[in-house]
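First up is the structure itself, then whatever we jot down about it.
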Number of protein chains: 2
Amino acid sequence: MTLAKATLKERTFILMAARTHTASLSERPDKREAILAAALELFAERGFHGTAVPLVAEKAGVGAGTIYRYFESKEALVNALYQQWKGVMLQSILLDFPHEAPIRGQFHAFWRRMFGFAQEHPQAFAFLQLHHHAPYLDARSIALEEASHQPARALFEETRKQQITKDVPPDILIAIVFGAFIGVARAAQEHRFALDEATLDQAEACVWEAIRR
Amino acid sequence: MTLAKATLKERTFILMAARTHTASLSERPDKREAILAAALELFAERGFHGTAVPLVAEKAGVGAGTIYRYFESKEALVNALYQQWKGVMLQSILLDFPHEAPIRGQFHAFWRRMFGFAQEHPQAFAFLQLHHHAPYLDARSIALEEASHQPARALFEETRKQQITKDVPPDILIAIVFGAFIGVARAAQEHRFALDEATLDQAEACVWEAIRR
DNA sequence: CGCGAGGGAATGAACTTTCATTCGGTTTCT
DNA sequence: AGAAACCGAATGAAAGTTCATTCCCTCGCG
């Protein structure tokens, strides 16, 4: 996979191409959305194998058979969901990202945008966590997952050269930063503390200390 | 489900079985262990709902019905597994913990012991991650999960008072440290980098910087 | 010392439920 | 009116669980 060098625009294109199942001319996007929304909620709570398709249909207010007019199978549905939300997450982090700002400002943007997504779409965040590296994810989902690491790696390779961050392999810094992000976001979702501005800033300051030289 | 009593008895039995040979002939701890080992492997790879009970039986070299002689249900099995391994993890971190060492040394011990467990029992580590906060976990499993946070909270409350760590709520530091730990351990399991001594020390130094004052 | 009865552990085919998917009838839109 | 979309009961496969039977070990009696 040479997604490494793919620009944001190209990745966006990939994302759009994911909508493969445009079978007929008069599709009902609202129904498709209803199915995806119901599936998101249920898959996030109970997992893929723990969620029955007829239950998704009921929650979507749709007949069970209708789901198969929009998705080839349950697997296709979960992959469509994964790709949709991974794409949304990527976009909400990368769209208009301040590449020219000072590094510390870029890190701030990164941090805030990640939490912005997790707070705005808590179910999608839980869903993406739960289905990370699941065996039923297809090649496109896995490629998207891989691609999502790329911007951070590029950033940390650059900051390492500039001796802004520690002289540590970027993959380790990424693991620490993303790990801390997920840890904080999850703890907040479990109501261990509130995710207000002050908390976000405190956590950001801590994690920046972890990586800065 | 009236598993409270049975589970307690069974758990006690596990503890004893570890070092006793006085079990009566009617008891077959080896079978129980075989079932637990097979279940660990399969649940860690495919998840709870993704694993069929007869498959566990086959991998354990045991008849399907035999599983139900040792566990009331599939749910009871997954909870027994969760409690067993959460307990092992807790013990391997806390047993003979150097409570009197300097704080930085305690943090080092913490860090190394967590990774020691993750490296020694990668499947158990994956299993615990995957089933964290699953809806089929019973009260005892949840209580164990909750209890596992306690030592870290106590430590960070103390270090905060002593102004060794940042003036930040302990729960936030815990989320960052555990999050970073899980992030690093997972990245290593995905072969993003090797977990040698140098890497462990680098990551530890980073995370210590995150929390120290 | 052998042998057969007794009893509990183990089994896996069978049972019941539940699942993903299909399909024919019905509704809706143009 | 025709065609496409929609529904949900029907379907067959696969799931978790059960239970009648088998197996194996122990013990008591000849």
Side-chain angles (χ1 to χ4, degrees), chain A residues 19 21-40 42-43 45-81 131 134-138, chain B residues 1-3 6-7 9-10 13-14 17 21-39 42-43 45-81 131 134-138:
Chain A
R19 316 182 34 145
H21 214 63
T22 51
S24 98
L25 297 165
S26 56
E27 62 174 19
R28 305 284 134 84
D30 48 327
K31 285 220 163 141
R32 193 191 159 89
E33 291 311 311
I35 292 166
L36 284 168
L40 174 68
L42 291 166
F43 286 163
E45 260 172 43
R46 314 147 70 103
F48 177 65
H49 290 297
T51 303
V53 172
L55 192 67
V56 177
E58 192 190 354
K59 173 154 261 180
V62 145
T66 305
I67 289 182
Y68 290 86
R69 295 197 53 78
Y70 290 93
F71 303 95
E72 248 181 27
S73 65
K74 194 187 179 186
E75 273 201 21
L77 170 58
V78 78
N79 275 283
L81 250 195
H131 295 77
Y136 40 78
L137 291 184
D138 63 21
Chain B
M1 297 218 178
T2 63
L3 40 76
T7 306
K9 220 184 264 178
E10 284 161 6
F13 175 66
I14 289 175
H21 289 260
T22 57
S24 92
L25 291 164
S26 60
E27 292 164 334
R28 300 288 138 79
D30 50 324
K31 288 231 154 127
R32 193 194 159 87
E33 291 308 313
I35 292 165
L36 284 168
L42 291 166
F43 285 162
E45 260 173 42
R46 315 148 71 103
F48 176 66
H49 291 296
T51 303
V53 172
L55 192 66
V56 176
E58 191 190 357
K59 173 154 260 179
V62 142
T66 305
I67 289 183
Y68 290 87
R69 295 195 51 76
Y70 290 92
F71 304 95
E72 246 184 30
S73 64
K74 195 186 181 189
E75 273 200 20
L77 170 59
V78 78
N79 275 283
L81 250 194
H131 295 78
Y136 39 78
L137 291 185
D138 62 21

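Protein chains get the first letters and strands the later ones, always in sequence-line order, with residue 1 at the start of each.
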Rounded distance in Å - [atom1] ([X]) to [atom2] ([N]):
X: B:Glu58; N: C:dA13; atom1: CD; atom2: C1'; answer: 16 Å
X: B:Leu55; N: D:dT17; atom1: CG; atom2: C1'; answer: 16 Å
X: B:Asp30; N: C:dA9; atom1: CG; atom2: P; answer: 13 Å
X: A:Tyr70; N: D:dC7; atom1: OH; atom2: C1'; answer: 12 Å
X: A:Lys31; N: C:dC29; atom1: NZ; atom2: P; answer: 9 Å
X: B:Arg69; N: D:dT17; atom1: CZ; atom2: P; answer: 16 Å

Short heteroatom pairs, N/O only, protein and nucleotides 19-21 of chain C, under 3.5 Å:
unit_1: C:dA20; atom_1: OP1; unit_2: A:Thr51; atom_2: O; d: 3.1
unit_1: C:dA20; atom_1: OP1; unit_2: A:Lys74; atom_2: NZ; d: 2.2
unit_1: C:dA20; atom_1: OP2; unit_2: A:Val53; atom_2: N; d: 2.5
unit_1: C:dT21; atom_1: OP2; unit_2: A:Tyr68; atom_2: OH; d: 2.6
unit_1: C:dT21; atom_1: OP2; unit_2: A:Lys74; atom_2: N; d: 3.0
unit_1: C:dT21; atom_1: O5'; unit_2: A:Tyr68; atom_2: OH; d: 3.4

Identify, between A:Thr66 and B:Gly63, the residue whose nearest nucleotide on DNA chain C lies closer to the 5' end.
B:Gly63
Roughly how far, to the nearest 0.5 Å, is CG of B:Asp138 from CD of B:Glu75?
8.5 Å
Give a yes or no on this: more than 12 heavy atoms of other residues, nucleotides or ligands lie within 6.0 Å of atom CD of B:Glu58.
no
On a heavy-atom basis, the closest approach of A:His49 and B:Arg46 is CD2-O, 4.4 Å
Ignoring hydrogens, what is the shortest heavy-atom contact between A:Phe71 and A:Ala80? Give both atom names and the distance.
CE2-CB, 3.7 Å
For A:Phe48, check ring-ring contact (aromatic ring centres under 6.0 Å, His included) against everything at least two apart and list the hits.
A:Phe43, A:Tyr136
Between A:Asp30, A:Leu40, A:Leu81, A:Leu77, which is the residue that forms a side-chain contact (heavy atoms from CB on, under 4.5 Å) with A:Ile35?
A:Leu77
